[in-house]
Visitor: 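My questions will all concern the structure given below.
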Amino acid sequence: MRLSELVADCKCLAIIGTEKNAGKTTVLNHLLAADRRPDQAITSIGYDGEDVDQVTGTDKPVIYVGRGTMVATASGLIGQCDFTRELVRLTGLYTPLGEVVILRALSDGYAQIAGPSTTGQMTRLTHMLQQEKAGRIIIDGAAARKSTAAVSTADACLLATGASYSPYPEKIVEHTRHIATMLTLPADVDVPETIRQAYSNAENQATSTIGAGSQDADCRLTDRKGQIIKSTSSLDDSAVEMIAAQIQHPLRVYFTGAVTARLVQKLLERTRSLKNLGLIAADGTRFLLNSAQYSELTRRGASLQVIKPVNLLAVTVNPWSPEGFCLDSNDLCQRLKSVLSVEVFDIMAGEAEVI
Amino acid sequence: MNNPKAYQPATTGTAWVLANLSLSSPYGRKALKELLPAVSADREQFENSFKELAKLIDFCRQQPAFVQHTHAIFRKLRYIAGSVLNLHEEQVPDEIELFEIKLFAMHSCEMADLVAQSELRLADIAFDDFRPLVKLLNPDEMIISSFHLHDSYSAELKSIRHEKRQRENQILAATDPSAADHLRQQRSELVRREKEQEYQVRSSLGQQLQAWLAALTRSMNTLGHFELLMARAVTAMTWPSCRPELLGQNEPLRAVEAINPQMYEILKGQSKEFTPVTLEVIRGSTLITGANMGGKSVALMTVATNAELVRLGFFAFAAAFSMPLFDYVYLVAGDGQDQASGLSSFGAEVMQLKELAALTRQGCGLAVFDEFARSTNPYEGRRFVQALGEFMQQTGWHGVIATHYDGINLPGAACYQVVGLKNKHPAAPDSSNLRALIDNLCANMDYRLRKLDGHSEVPHDALRIATLLDADPRFLSLLKKLYV
């Protein structure tokens, strides 16, 4: 099956990457070219840089949209889009580059996109795009850990990976496998109503994508009956003490923000058996732990779950590194296939020319 | 954003009503920010405003859907003052500015149509006809709610775009990469020419818009004014209200069954009813006495809130309400303790009185004192209140004082008393829960005011009320010994 066929039925698709330069935009261009459907809409999480990537100095691929495509981008970037356009709607959602405006391309052309960066704003934007009759929305995401707004809004997700992470295929495979595992953590099927409410509140007021900087209670401990027994800020060192003190009994800990590597490290140092412990976050992008920590958590019996699981459809591979080398694409794809339960596509091998 | 001239309400009741107005457009909110209370000289003009408001309220009562329809339009309005200012400065408008102005003109037309099709005729509200402006920004036959620099603005633009589209089709069809590259270069030259032409078009539209700037500015104000008027009407329909009658400076303020919307809602939330206030505040001094927790402050605040709202162009929340159009409403509430400035609550009262006395030169005013000098000793406090009462008679204020000090002797003052505890031996509370205690007290209290004939008297109900509030029994027994 071709990638464009695999995603043909998605109403809202997020493309996220394992790292920068993992080929997200190449995947986006590929999908736009492979299926020139007129009811398509695109946007992105925030703005990923300029023509030249600020971080690595590589050429940033631009997005080429077909006639009819709706583009939701910041007003400050409209001048850099070169398709003939109609202004469809002013959204009232603001980014550092100005208000997000919905444009309709009346010709083909290059687009620069900067969309909202919070989940609440992204949800509102996708609703507006649907009101304007978008049959399929594609969100150009960011690196997985920064893509909360994309995955929590979308109904399906593609993960782009490639040589930009490491020259060693085994490292790429390990890293990709870990991110895919986090993204596809199982859903908690029995979330108490009060906790659901807390997640929905956190989503509506969030101005940052993760809970960093907030001193509010973003960590709630519940007992086997689903009653909240303690709530605290996950940034507070006492959070780990609180968890350790309750761990003799079945304990579920709900995080409305991020589950940080620091917290997990302290938890691993402070406790032995974790067989009673369930750690739950809104979705897989909120678990900011490395693969060693994840293995150790599960080895000691902890279970990790999410409120909203991500529907990961496929992993795409970019064998080219921004540093100029190219890995054996076939070999990398085969290795990834052997450890992943989803389809793997080599974007560069190309079923269609990418403009 | 902070307008230094913005009016600061004297009463929390007024602040609450203003904060709860349904204003969804930036123009309505701006009109509220710029709202200033009327003064006595505005009386005639103000009578007309109330006549208009009465007309609007009658109309909205008959056509409730009208409120929803206007609200739906107000909600769509964006603030275009920035775009209008840029045009004033003769900057070439960008596409977003043109889009904003088009939307504003369309929504304005929509409002004008809605009002024109209704039976409503208001003297102050006249909408400009923006149909030619909409036509300018929407050259097609069909009016659409989006905007683009239409081909029909310029023949050259049309031909460039046509050529560009052809190149794009050729790029799509190209199989040879170098041929595709060549086509892309041609396309980028066409993009450059398209942008140039678009600039010309925007610049020409900007010039044509110059003629509309005055009307746009006027309409922003009209819409704001209209939304604020609608909000006043909705407020008047939400609570019992009446058109206030404006009187001469020597006439008393007469409130019949007045309510305070804020308190009304709070009590409603507790399934209780607000006891309406009927009171006449004469020029000179009016005294309200009564038991602790008998609602003296509520009565005062209800009168002050309504007087203040009337000055702001609202209907009074009462069965009938008449008053001189005051030049100021001033409240001395005795809770102005400000440790930062080193003033105790008593000190603050003295300073406020000084401030108020300076206002007397500005015409007639309503001065409201809640438990003046309450925090000083009763011996001196009584003298302070006595002096204040006499002072009010000299200054010509419509002054009203709530006090629990005994023995105030003011010939010519109007005196009221809260009826107070219904029976002299009320049932003891059956629960020590605070809510239950207060509920029990409320049930035993008659909050109505009764007029006394020319003298003020203070009921001695504090002991009974303390009993009703379930004060510590050891304390109560000590207290009772002192009453014998």
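Predicted model only: the values in this text are computed from it and were never measured. For the numbers below, each heavy atom of this structure counts, side chains included, while hydrogens, waters and symmetry mates do not. Below, read A as the first sequence line, B as the second, and so on, with proteins coming before strands; counting in each chain starts at 1.
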Visitor: Considering only NZ, NE, NH1 and NH2 on the basic side and carboxylate oxygens on the acidic side, decide whether B/Arg167 and B/Glu189 come within less than 4.0 Å.
Guide: no
Visitor: So what's closer than 4.5 Å to chain A heavy atoms on B/Ser188: side chain, backbone, both or neither?
Guide: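 Neither the backbone nor the side chain of B/Ser188 comes within 4.5 Å of chain A.
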Visitor: In terms of heavy-atom proximity below 4.5 Å to chain A, should B/Leu98 be classed as side chain, backbone, both, or neither?
Guide: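 Nothing of B/Leu98, per the 4.5 Å heavy-atom cut-off to chain A.
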Visitor: Report yes if the distance between the aromatic ring centroids of B/His148 and B/His150 is under 6.0 Å, otherwise no.
Guide: yes
Visitor: Can you name the nearest heavy-atom pair linking A/Ala74 to A/Gly98, along with the distance?
Guide: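 That would be CB-O, 3.9 Å.
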Visitor: Highest number of heavy-atom pairs under 4.5 Å with chain B: which of A/Val88, A/Asp82, A/Val101?
Guide: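 Sorted descending by pairs with chain B, the first entry is A/Asp82.
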Visitor: Measure A/Arg36 against the heavy atoms of chain B and call it side chain, backbone, both or neither at under 4.5 Å.
Guide: side chain
Visitor: Among B/Glu156, B/Gln166, B/Glu198, which residue meets the side chain to side chain donor-acceptor pair (under 3.5 Å) test with B/Arg161?
Guide: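 Going through the options one by one, the only one that passes is B/Glu198.
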Visitor: Pick one of side chain, backbone, both or neither for A/Arg89, based on which atoms fall under 4.5 Å of a heavy atom in chain B.
Guide: backbone
Visitor: With a 4.5 angstrom heavy-atom cut-off, which part of B/Glu194 approaches chain A: side chain, backbone, both or neither?
Guide: side chain
Visitor: Using distance alone, with no hydrogens and no angle criterion, decide if A/His127 and A/Gln131 have a side-chain donor and acceptor under 3.5 Å apart.
Guide: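 On atom types as modelled, these side chains do not qualify, holding no pair under 3.5 Å.
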Visitor: For a quick check under 3.5 Å, do B/Gln200 and B/Ser154 share a side-chain donor-acceptor pair by atom type?
Guide: no
Visitor: Can you tell which part of B/Arg187 gets under 4.5 Å to a heavy atom of chain A, answering side chain, backbone, both or neither?
Guide: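 For B/Arg187, the contact with chain A is made by the side chain alone.
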Visitor: By a 4.5 Å heavy-atom criterion (distance strictly below it), what part of B/Arg192 contacts chain A: side chain, backbone, both, or neither?
Guide: neither
Visitor: What part of A/Leu106 is in contact with chain B, defined as an atom under 4.5 angstrom from a non-hydrogen atom: side chain, backbone, both or neither?
Guide: both
Visitor: Do the side-chain N and O atoms of B/Ser204 and B/Gln208 include a donor-acceptor pair separated by under 3.5 angstrom?
Guide: yes
